[in-house]
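First comes the structure, then the notes that go with it.
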Amino acid sequence: MLTLIVGGFFGDEGKGKISAYVSLMKQYNYAARTGAINAGHTVVFHGKKFKLRTIPAAFVNEKTKLLIPPGALIRLDVFFNEVKELGVENRVCLDYNTGIIEEIHVNREKQDSILASIGSTFQGVGAAMSDRVLRRLKLARDFSELARYLCDVPLLINNALDLGEKVLIEGTQGTFLSLYHGTYPYVTSRDTTASALLSEVGIGPKRVDEVIVVFKAYVTRVGEGPLEGELSRDEAVKRGWVEMGTVTGRPRRVAPFNFELAKRSIMLNSATQVAITKLDALFPEAKGVKTWSNLPSHVKKWIEDVESYIKTPVTLIGTGEEVDEIIDRTLDLGVEL
Ligand code: GTP
Ligand code: IMP
Ligand code: MG
């Protein structure tokens, strides 16, 4: 079984929390995190907050093996710190061809006025990607300190799928930050859609079973670029929608849920199901609710309106930060996960 988790808007939709829940409750054997260290996934598990930049959020399931694929980019210090903090030495591996970001990449970005104008995170990711395209980037296999962690991620995953095991692929950022499908030039340095996750990991499209597109109950965006219906800071505060970026600490810009963007995202990713996070921020009465029947009828109606507009079932609904603060409708809706 192969499941992809993809961001539906501009990143920070809560993919980390959804991935953690799915790996734990649906017992996934492997999880791979795509993308790079500019993306931070936040997971709150048993009251403790983790901010992850290299390791899959699926780490909360101690049985899940954690993979960093060839298309991903990491920095050595960030990787070693996370491995240590999470205590996952014995179940993490990275592909021989994973890209390595170095100080020179960060320094090069800091001097780039175009990156400043798009509100880059300045983590060196775009500079490293461009070196990779020019075939001068160092890869994981070039660093002796990584030797004990190296493995063949595509082979591992394809073999696992042959054996009927469950594999989860975590996306980073969101569909409209995609280099190809986003609001160019206000985008990141990679394609962030479902197809790109497959190529980053090394899996063919025919192996995919489920594509979960994750939307937040409102839209957020960090950095520059268009944001339809953007609210003023005061209005965001009034609605309780204020958030800070995981990596940069910058305040996130906010706008109400965008039905048109959601529809396009469903198309670009061929979503089979949808997760909606932060329902509790839109409807405080939904906080901590774990069953569909306990939601007030006007809240259910909002979800049903989304479903009928995007013609895709909403199977997972986030009602709080904790991994288990979720309404799981997969059984009721007859959807596999
Ligand atoms: P990127 O890969 O950077 O796009 O990140 P992400 O999609 O994993 O999202 P991120 O963790 O950066 O931001 C989501 C924020 O919402 C985090 O602070 C989560 O803890 C929080 N969050 C996720 N789901 C819920 C939810 O259902 N309710 C509440 N209140 N918070 C949530
Ligand atoms: P860069 O990819 O770091 O150069 O940033 C380019 C744009 O993508 C900026 O607008 C960033 O704010 C945005 N961006 C990059 N990574 C993330 C993320 O993980 N979440 C949200 N926005 C991001
Ligand atoms: Mg984030």
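Atoms within each ligand, like the ligands themselves, are counted from 1 in listed order.
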Could you tell me if any non-hydrogen atom of [X] lies under 4.0 Å from any atom of ligand 2?
X	answer
Val125	no
Thr248	no
Gln173	yes

Check the hydrophobic clustering (I, L, V, M, F, W, Y; side-chain heavy atoms under 4.5 Å; chains of links allowed) and say if [X] and [Y] are grouped together.
X	Y	answer
Tyr28	Val201	no
Phe259	Val299	yes
Leu94	Tyr96	yes
Phe50	Val44	no
Tyr180	Val187	yes

Determine, for [X] against [Y], whether the closest basic-nitrogen to carboxylate-oxygen distance falls under 4.0 angstrom.
X	Y	value
Glu210	Lys26	no
Glu165	Lys65	no
Lys287	Glu325	yes
Lys290	Asp324	yes
Lys263	Glu260	no

Taking only residues at least two apart or on different chains, which pairs with a member in residues 128-211 satisfy disulfide bond (SG atoms under 2.5 Å apart)?
->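 Counting only pairs at least two positions apart or across chains, the disulfide bond (SG atoms under 2.5 Å apart) contacts touching residues 128-211 are Cys93-Cys151.
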Lys301 vs Asp305, salt bridge (Lys or Arg N to Asp or Glu O under 4.0 Å): CA-CA, chis, key distance, verdict | CA-CA 6 Å; Lys301 181 169 182 309; Asp305 286 349; 2.9 Å; yes
Quick one: look up the protein heavy atom nearest [atom] and list residue, atom name and how far away it is.
atom	answer
atom 7 (C) of ligand 2	Val187 O, 3.7 Å
atom 9 (C) of ligand 2	Gly119 O, 3.2 Å
atom 3 (O) of ligand 2	Thr121 OG1, 2.5 Å
atom 2 (O) of ligand 2	Thr188 OG1, 2.6 Å
atom 21 (C) of ligand 2	Asp12 OD2, 3.1 Å
atom 13 (C) of ligand 2	Leu177 CD1, 4.0 Å
atom 5 (O) of ligand 2	Ser120 CA, 3.5 Å

Among all residues two or more places apart in sequence or in another chain, which pass the side chain to side chain donor-acceptor pair (under 3.5 Å) test with Asp112?
->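 With neighbours one apart ignored, the set is empty.
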Run the numbers for me: atoms of ligand 2, each under 4.0 Å from some heavy atom of Gly223, listed by number.
->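 Under 4.0 Å from Gly223, ligand 2 has these atoms: 10 (O), 12 (O).
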Per-atom contacts of ligand 2 with Ala39, taking only distances under 4.0 Å to non-hydrogen atoms |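 Reading through ligand 2 atom by atom, the close ones are 19 (O).
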Side chain or backbone of Phe10 under 4.0 Å from ligand 2, or both, or neither, by non-hydrogen atoms?
->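 Looking at Phe10 and ligand 2, just backbone atoms fall under 4.0 Å.
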How does Arg250 reach ligand 2, if at all, at less than 4.0 Å between non-hydrogen atoms: by side chain, backbone, both, or neither?
->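 The answer is the side chain of Arg250.
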At a cut-off of 2.8 Å, list the protein N/O/S atoms near the Mg ion (ligand 3), residue plus atom name.
->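 As for protein N, O or S atoms lying under 2.8 Å from the Mg ion (ligand 3), they are Asp12 OD1, Gly40 O.
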Can you say whether the rings of Phe9 and Phe215 are parallel (under 30°), tilted (30 to 60°) or perpendicular (over 60°)?
->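 The rings of Phe9 and Phe215 sit tilted, inter-plane angle from 30° to 60°.
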Could you label the plane-to-plane angle of the Tyr149 and Phe79 rings as parallel, tilted or perpendicular, counting under 30° as parallel and over 60° as perpendicular?
->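 Taking Phe79 first and then Tyr149, their aromatic rings stand perpendicular (interplane angle over 60°).
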Begin with the C-alpha distance, continue with both residues' side-chain angles, and end with the deciding distance and a verdict on side chain to side chain donor-acceptor pair (under 3.5 Å) for Arg221 and Thr183.
-> CA-CA 12 Å; Arg221 173 161 210 172; Thr183 54; 3.0 Å; yes
Counting only nitrogen or oxygen atoms and a 3.5 angstrom limit, does [X] reach ligand 2?
X	value
Asn38	yes
Val222	yes
Ile118	yes

Under 4.0 Å from ligand 1 - residues by heavy atom, chain and number =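 Shell around ligand 1 (4.0 Å, heavy atoms): Gly11, Asp12, Glu13, Gly14, Lys15, Gly16, Lys17, Ala39, Gly40, His41, Thr42, Thr172, Gln173, Thr246, Arg252, Thr277, Lys278, Asp280, Gly318, Thr319, Gly320, Glu321.
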Between Glu82 and Thr54, is a side chain to side chain donor-acceptor pair (under 3.5 Å) present by the stated rule, with each step listed?
-> CA-CA 7 Å; Glu82 280 184 15; Thr54 62; 2.8 Å; yes
Kindly check if the number of other-residue, nucleotide or ligand heavy atoms within 6.0 Å of CZ (Arg108) is above 12?
->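 Count over threshold, so yes.
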